[in-house]
Amino acid sequence: MTGEDTTRSPPPSPPAVFSMPSSSSESTQSSDSEVSAWDPQVLRAHAECLESEELAALSVNRTLLPILDNLLLQVYTMLRPKPLDYEQRTTLVHVFNNIANQIFGNNNGFPVVEAFGSFTMDLFTPRSDLDLSVNFTANTDDQYARKKKISAIRKFAKVLYSHQRNGIFCGVLPVVTARVPIVNVIDRGTGIECDITVENKDGMTRSMIFKFISSLDPRFQILSYLVKFWAKIHDVNSPRERTLSSMSIVSLVAFHLQTRDPPILPPLSALLKDGSDFESVERNTLAFKGFGRTNKETVAELFVSLISKLLSAESLWEHGLCASNFEASWISKTWKKGIGNLNVEDFLDRSQNFARSVGKKEMQKICRCLRDCALNLLDFMRGKLDTSKLKTLLFGCLKPDELVSKPRLKRGKRKRKPQTSPDGRYGLGKGKHAVHLVGSDQHANSTTAEAPQVVHRHPTEAKASTQCAHKPTPPFVIIPSGFGYSLSLQLPVAPQLSRGLLGRPPPVNLVHLNNGAQLPQQGLLLSLPSQQAAGSNSGVTYAGAQQLQRNEN
């Protein structure tokens, strides 16, 4: 559509039926829900009507869509992690496994530290945190006692504090009062912030499911990258700041692709019909290969329509509008006061809201950012913005050299006055730490310290330095997805899957990459840094985790 009328009529008010609670079966009572939701059919119809009006208001100029599509794919390519980023995270997983074995011993291969979240979903950027779970059993249904989790977190934090005093890690922060007890730590050598939890089987399962969903259509991964980075640039991707969590963002992207006409992704009820275990989900996912091939929408069209969808729902969230990946449709559901400002149903535990962290004021900020994004797209469609300006407005100044981890150092409240010492946390005294009392969705009272930077050296300088460690070459745990749109990635070594709880080892002889390349397996899983690749010329030194491994050896 190419209309030039700059006026936009306000969205209509919710229909009168909203004044009466509904007795529909879709109005779900839950642990977070206390009152009945509104009529789901009317609410769904109203959302779809508003979405059509919002999209029409954007005045999409189809002749400019290929240019926008090219811009978005360029941004996606820049955001994609490099082989070194996979390698660094795999090495860190190995380091934390060694630490876990030192603390808890080894009982038939447990505990084992495994990655989940954006890394295993292959939706991470070089700036992303690394989510880790310390698992003591292989039972995905095991209900590990909270007291045991807190005890394990404290033991882990104690050891990390000692390594922090040795300059290997920094920013150690245990948060045992959170919904999920966690300890945050930053590796000084890479600047990667690691979030360590215990027996986080739910997080691992959700990550595995989204990884399978990514295999169905490359547009899901591309759009997830773009929306996550857009949210990060505009400061609306932080549950600690009461804005969107990454899981809620990815779920909304999947929901958008599920509700296209024709749909690109299937309802998750079809993938989970036989249970949420690895084998069942994988088997059911394979049955939907090519599911969205009849939908020919480009990334640009999907990006524009997603912004329209989210804007159209602005006035309906408070009336119980809820995005359901399980049913692949809008449903009606209300929650306890304060956790229903934006509603994204947890597809594994449908009584929970992925967006429960979003505050009322923060939701207003999210909506402002969405409106600004829509106006920028509108100006572009009308020829008032060039691609360079639009890219900057949407994604900031993208400089490849700056796409590295820049961790946010946080200092929690301590029970005693800090002492000035170069060995303690952020240069403070190295006395026994105090528990940081903050909930999982609350922002910590914190101050910012100078962030450690990744040490870059020229190869000749690295050889001359006595501090330079050999470049490690562990095989990658995560297989990078095919880029789609003729983009591809060649890896120097064959990726290998971990012995994880939810996965199984790859075939004995070959690992198949998404781009069709077949590489023989090389070396042991998670090889030690002392193993050096022939012909490697990397100029990046590891000052943190690698030093710890050398000390252990």
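The figures here come from the full heavy-atom set of this structure, side chains too, leaving out hydrogens, waters and symmetry mates. None of these values were measured; they are calculated from a predicted model.
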A.B. asks: From the options Val304, Thr77, Val299, select the one residue that forms a side chain to side chain contact (heavy atoms under 4.5 Å, CB included) with Leu72.
C.D. replies: Val299
A.B. asks: If you take all heavy atoms of Thr259 and Ser329, which pair is closest and at what distance?
C.D. replies: CG2-CA, 4.2 Å
A.B. asks: Ignoring hydrogens and geometry beyond distance, is a side-chain donor-acceptor pair present between Asp349 and Ser351 at under 3.5 Å?
C.D. replies: yes
A.B. asks: Which heavy atom of Ile307 sits nearest to which heavy atom of Leu377, and what is that distance?
C.D. replies: CG1-CD1, 4.5 Å
A.B. asks: Could you walk me through whether Ser224 and Tyr76 pass the side chain to side chain contact (heavy atoms under 4.5 Å, CB included) check?
C.D. replies: CA-CA 10 Å; Ser224 294; Tyr76 167 72; over 6 Å; no
A.B. asks: Does Phe255 have its ring centroid less than 6.0 Å away from the ring centroid of Trp330?
C.D. replies: yes
A.B. asks: Hey, are the side chains of Ile366 and His234 touching, using non-hydrogen atoms and a 4.5 Å cut-off?
C.D. replies: no
A.B. asks: For the side chain of His256 and the backbone of Leu252, is there at least one donor-acceptor N/O pair under 3.5 Å apart?
C.D. replies: no
A.B. asks: Could you please spell out the steps behind the ring-ring contact (aromatic ring centres under 6.0 Å, His included) verdict for Phe210 and Phe116?
C.D. replies: CA-CA 11 Å; Phe210 275 121; Phe116 67 99; over 10 Å; no
A.B. asks: Where is the tightest heavy-atom contact between Ile249 and Ala231, given as atom of each residue plus distance?
C.D. replies: CD1-CB, 3.7 Å
A.B. asks: For the rings on Phe220 and Tyr225, is their centre-to-centre separation under 6.0 Å?
C.D. replies: no
A.B. asks: Quick one: do Asn135 and Ser133 satisfy side chain to side chain donor-acceptor pair (under 3.5 Å)? Show the steps, please.
C.D. replies: CA-CA 6 Å; Asn135 298 317; Ser133 176; 2.8 Å; yes
A.B. asks: Got Leu50 and Leu316 here, is their nearest side-chain heavy-atom distance under 4.5 Å?
C.D. replies: yes
A.B. asks: Is it true that a side-chain atom of Asn376 and a backbone atom of Asp372 form a donor plus acceptor pair closer than 3.5 Å?
C.D. replies: yes
A.B. asks: Do Val236 and Lys365 have side-chain heavy atoms sitting under 4.5 Å apart?
C.D. replies: yes
A.B. asks: With sequence neighbours excluded, tell me which residues meet salt bridge (Lys or Arg N to Asp or Glu O under 4.0 Å) with Asp274.
C.D. replies: Arg283
A.B. asks: Where is the tightest heavy-atom contact between Ser215 and Thr285, given as atom of each residue plus distance?
C.D. replies: OG-CG2, 4.1 Å
A.B. asks: So that I can tick it off, tell me whether Glu114 and Arg89 are bridged by a salt bridge, with the cut-off set at under 4.0 angstrom between side-chain N and carboxylate O.
C.D. replies: no
A.B. asks: Given ring-ring contact (aromatic ring centres under 6.0 Å, His included), test Phe288 with Phe212 step by step and report yes or no.
C.D. replies: CA-CA 11 Å; Phe288 285 95; Phe212 282 134; over 10 Å; no
A.B. asks: I would like to know whether Asp277 and Ser280 meet side chain to side chain donor-acceptor pair (under 3.5 Å); could you show each step before the answer?
C.D. replies: CA-CA 6 Å; Asp277 58 284; Ser280 297; 2.8 Å; yes
A.B. asks: Would you mind checking if Asp346 and Arg206 are paired as a salt bridge, meaning a charged N to carboxylate O distance below 4.0 Å?
C.D. replies: yes
A.B. asks: Do the charged groups of Lys149 and Glu199 touch, with an N to O distance under 4.0 Å?
C.D. replies: no
A.B. asks: How close do Leu393 and Leu385 get, heavy atom to heavy atom, and via which atoms?
C.D. replies: CD1-CD1, 3.7 Å
A.B. asks: Could you check Lys333 against Asn353 for side chain to side chain contact (heavy atoms under 4.5 Å, CB included), going step by step and ending with a plain yes or no?
C.D. replies: CA-CA 10 Å; Lys333 183 178 290 189; Asn353 181 6; over 6 Å; no
A.B. asks: Given side chains that start at C-beta, do those of Lys211 and Ser207 come closer than 4.5 Å, heavy atoms only?
C.D. replies: no
A.B. asks: Take Ser251 and Ser248, measure what side chain to side chain donor-acceptor pair (under 3.5 Å) needs, and give me the verdict at the end.
C.D. replies: CA-CA 5 Å; Ser251 297; Ser248 61; over 6 Å; no
A.B. asks: Does Arg62 come within less than 4.0 Å of Glu301, counting only side-chain N to carboxylate O?
C.D. replies: yes
A.B. asks: Of all the heavy-atom pairs spanning Leu394 and Cys373, show the shortest one and how long it is.
C.D. replies: CD2-SG, 3.6 Å
A.B. asks: List the steps, then state whether side chain to side chain donor-acceptor pair (under 3.5 Å) holds for Asn325 with Gln258.
C.D. replies: CA-CA 8 Å; Asn325 295 121; Gln258 289 174 321; 3.2 Å; yes
A.B. asks: Could you tell me if the side chain of Leu302 sits less than 4.5 Å from the side chain of Leu257, heavy atoms only?
C.D. replies: yes
A.B. asks: Do Glu314 and Arg368 sit within salt-bridge range, that is, some charged N less than 4.0 Å from a carboxylate O?
C.D. replies: no
A.B. asks: With a distance cut-off below 6.0 Å to the six-membered ring centre and an angular limit of 45° from the axis, does Lys391 pair with Phe395 as a cation-pi contact?
C.D. replies: no
A.B. asks: Would you please test Cys322 and Val344 for side chain to side chain contact (heavy atoms under 4.5 Å, CB included) and show each step?
C.D. replies: CA-CA 6 Å; Cys322 179; Val344 184; over 6 Å; no
